[in-house]
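Since we're looking at a predicted model, the values are computed, not measured.
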Protein chains: 2
Amino acid sequence: MTTIKDVAQRAGVAPSTVSYVLSGSRKISEDTRRTVQQAIDELGYHPRASARTLRSTRTNVLALALPRVAGGYRAVDGRFAIEISDAARAHGYDVLLMTAQEGVPGLRRIARSGQADAAILMAVEMDDPRIAAMLELGFPAALLGRSADDAALPWTDLDWEAAATLAVRELAAAGHRDIAYLATTEREIQAQRGYAIRGLAGARRAAPETGADVRVHQSTGDMARLARRIGTLLHGERPPTALVVQHVAALPHILAAVAAEGLRVPEDLAVVAVGNLPDDLGGQDLPRVELPVPEMSAAVTRLAAEAIATRTQGTSPTPPGHLLIPPAFVPGPRIAPPGPRAANA
Amino acid sequence: MTTIKDVAQRAGVAPSTVSYVLSGSRKISEDTRRTVQQAIDELGYHPRASARTLRSTRTNVLALALPRVAGGYRAVDGRFAIEISDAARAHGYDVLLMTAQEGVPGLRRIARSGQADAAILMAVEMDDPRIAAMLELGFPAALLGRSADDAALPWTDLDWEAAATLAVRELAAAGHRDIAYLATTEREIQAQRGYAIRGLAGARRAAPETGADVRVHQSTGDMARLARRIGTLLHGERPPTALVVQHVAALPHILAAVAAEGLRVPEDLAVVAVGNLPDDLGGQDLPRVELPVPEMSAAVTRLAAEAIATRTQGTSPTPPGHLLIPPAFVPGPRIAPPGPRAANA
DNA sequence: CTGTTAGCGCATTCAT
DNA sequence: ATGAATGCGCTAACAG
């Protein structure tokens, strides 16, 4: 392996000179700078990260804590991981992936061994034990998702409550009075995921606000049961003319179930998605409120970087920043007004 | 930060003794071992990774090189990333995520700065420039996907050629004589992705082998064009009674297009998927040849670990290992025989 | 000012 | 079981 000494020798200078050329933390005459740079290029020298880190206590690495995969794989996690990795590079960081099936202990290990400068926690729950762990360790962290305590750590999230309300409001504006809201799965709700809880809250709030009849249903990961549930849902005494789907992973199944009931979308049933991934609607072009993956990824990365800078400066405890992203409605094909079926009710 | 010296002091021994207790690479009297362990626990000591690495030249990190995202995000990449991360932990490695939009230079940076012990290359192309780079750097690597040169680096892959052939063979066995094969996108084929090229080859080989008429079509990422292409495809003079889909990301769209043509699956058109993600068929329960994500992830991680061990031992150049995974057919609902439409032809 | 020397950061491992 | 050398780069203090 080629070291800074090799470069120094080849350039006929002292190792420290090479270091200064590299860091630019001191003025070096243009002459020697060129000589040194040439030696670096010729030898293909790259400073050893471990040596640097040992000296500086900075790794330029962010730990990305994915959720423990209790309910199987969620496409959204992979998407965020990749997007965050890109964002991190733009800030000069690499990303260490932690499929935190190890949970808190895994994060402890990384933090205490100094393998990262900060952590980004994904799939945050309302009362997430990882948050307390980060605070206790004094380890900088940023949350992808909003926990119960907005002031604990910096965070970013889509405003899920507003998103759910917005979806309903758009339907109401198109004339729908009987609206079904298919929330996330029971599992996610029981796990107290912020997006699940807040989406539910937003859906419930929408009824009084719009005057429409909004019936909220939880979803399930069991596709057979889900199909039955949808069948039931569509055959109440005042059947809905519109459906909001927050459980977007099941969208293809849901649309298939709707079709199986003999209903056409959107003529017989208007469908709006909430929180789908950009470019991934399961084969349909629906009106929707998309998950702002790029914005959230950029924001959480920036917040993590800021948390590192803040800690490094040892400044007085700055209140953690945050970014609550307002939902944006994408009309897609225009929302259909209530269909002929509405008359039957 | 607490260091090995702090522990030594508290335990009343020399730092080296603590080190030996930790590594177990030498016998320590039970007495002192307990004293030291207690000091470690009380102080919550964890060895600094950078110091360890500096000394030992081992990072216990694998670099995971994701494809540059030319054609947008592919769900399969995220899935593999997560699965590989889990597999790596089982081998004692952490995973550094490289969204290699930086490509070869990014890998160079990681390799030369000593941030990882080996690389796992995803989305390998037939003639992938990263392979030459790894060899030139003498950096251990394993491939997720099969390149043109089987002997360059260790690799694992689904046997895509056999998978495509198998799908066609199963349809032929159910009586289908007119089979359409919808391959991957033109983009992937032009990028010379191994799975795309080999899937094509397998589809073409299936015709002579089964005696069926197998017409091969390339797919496209443009969903409007894809729908048109499918319409055309279904209305030839001898319309197919069965369709094999390797472009599984578009499966929902494809099924929607088929439905739009007034055809029912599987009564009018039998559909088989090739290379879909486990638990992700876009809402349908189709017969299929799944992508063996867990097996491939485990294999590529093992191969990377072996490559590290081999190099560390400085053994004579062991021929790189590999694992070509035979395709497994999942019947799903039984394949329908050719429908009434066949008679019309 | 520009360049050099020396010491530090932390864990490992060979001699003693 | 211990002291000392080692791996590599950074930077404060010093010299020209």
(request) Using a cut-off of strictly less than 4.0 Å, decide whether B:S16 has a side-chain nitrogen or oxygen near OP1 or OP2 of D:dG3. (result)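 Checking D:dG3 against B:S16, no side-chain N or O comes under 4.0 Å of OP1 or OP2.
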(message) Below the 4.0 Å mark, does D:dG7 have OP1 or OP2 next to a side-chain nitrogen or oxygen of A:R48?
(response) no
(request) Scan residues 5-14 of chain B against DNA chain C and write down, sorted by residue number, each residue with any heavy atom closer than 4.0 Å; if none is found, say none. (result) none
(message) I want to verify a distance call: between D:dA13, C:dT13, D:dC8, whose nearest atom is closest to the B:L54 side chain?
(response)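 For the B:L54 side chain, the nearest candidate turns out to be D:dC8.
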(request) Could you please name the option among C:dC14, D:dG9, C:dT12 that lies closest to any side-chain atom of B:I4? (result) C:dT12
Counting the atoms with a prime plus P, OP1 and OP2 as sugar-phosphate, which does [X] contact under 4.0 Å by heavy atoms, base, sugar-phosphate, or nothing?
X: B:I28; result: sugar-phosphate
X: A:T3; result: sugar-phosphate
X: B:S56; result: nothing
X: B:S29; result: sugar-phosphate
X: B:R55; result: base

Looking at side-chain heavy atoms only, is the closest gap between [X] and [Y] below 4.5 Å?
X: B:L96; Y: A:L97; result: no
X: A:E136; Y: A:R108; result: yes
X: A:I4; Y: A:Y45; result: yes
X: B:L144; Y: B:L121; result: no

(request) Select from B:K27 and B:R52 the residue whose nearest nucleotide in DNA chain D is closer to the 5' end of that strand. (result) B:K27
(request) Specify the residue among A:L22 and B:A51 whose closest nucleotide of DNA chain D lies further upstream toward the 5′ end. (result) B:A51
(message) Looking at B:R79 and A:D77, is there a salt bridge between them, counting it only when a charged N and a carboxylate O are closer than 4.0 Å?
(response) no
(message) Salt bridge check, A:D94 against B:R109: does any charged N sit closer than 4.0 Å to a carboxylate O?
(response) yes
(request) Rounded off to whole Å, could you give me the CZ-to-P distance for the B:R26 and C:dC14 pair? (result) 9 Å
(request) Grab the OH-P distance between A:Y20 and C:dT5 for me, whole Å please. (result) 13 Å
(request) List for me each residue that meets side chain to side chain donor-acceptor pair (under 3.5 Å) alongside A:R146, sequence neighbours excluded, and say none if there are none. (result) A:D150
(request) Strictly below 4.0 Å, heavy-atom distances to any atom of DNA chain D: list the hits from residues 30-46 of chain B, or just say none. (result)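 B:T32 - these, ordered by number, are the residues of the stretch whose heavy atoms sit under 4.0 Å from the strand.
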(message) Checking the side chain of A:D117 only, and the main-chain atoms of A:N60 only, is there a donor and an acceptor separated by less than 3.5 Å?
(response) yes
(request) Using atom types as modelled and distance alone, determine if a side-chain donor or acceptor of B:D157 lies under 3.5 Å from a backbone N or O of B:L324. (result) no
